[in-house]
Amino acid sequence: MKMIAASLISSALLLGVSLTPFADAQAPQTAQLLEGKDRPILLARMTVTATPLPASTN
């Protein structure tokens with residue numbers, strides 16, 4: 001019984017330690033919205049990642 005209790009306590013502590021960084025994270029800010037002529041314009045930053053294309057041997 002002591003072994004089960006110790007296992008549950010250690011699992012709870014590990015879960016708490018692993019979730020701590022997520023508690024400090026800030027929520028992303030909402031993007032600004034401007035009124036456009038026909039439709040609203042959403043001002044936001046976008047992160048794009050790209051991989052190089054293989055070199056062609058033609």
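Please read all numbers here as calculations on a predicted model, not as lab measurements.
Cluster partners of L14: none. The rule joins Ile, Leu, Val, Met, Phe, Trp and Tyr whenever side-chain heavy atoms lie under 4.5 Å apart, and it links nothing here. The other members of the hydrophobic cluster of L8, by chain and number, are I4 (side-chain heavy atoms under 4.5 Å, ILVMFWY only). Summarising the hydrophobic clusters (Ile, Leu, Val, Met, Phe, Trp, Tyr; side-chain heavy atoms under 4.5 Å, direct or chained), the residues clustered with I9 are L13.
Side-chain atoms of S11 come within 3.5 Å of backbone atoms of S7 as a donor-acceptor pair (strictly under, hydrogens ignored).
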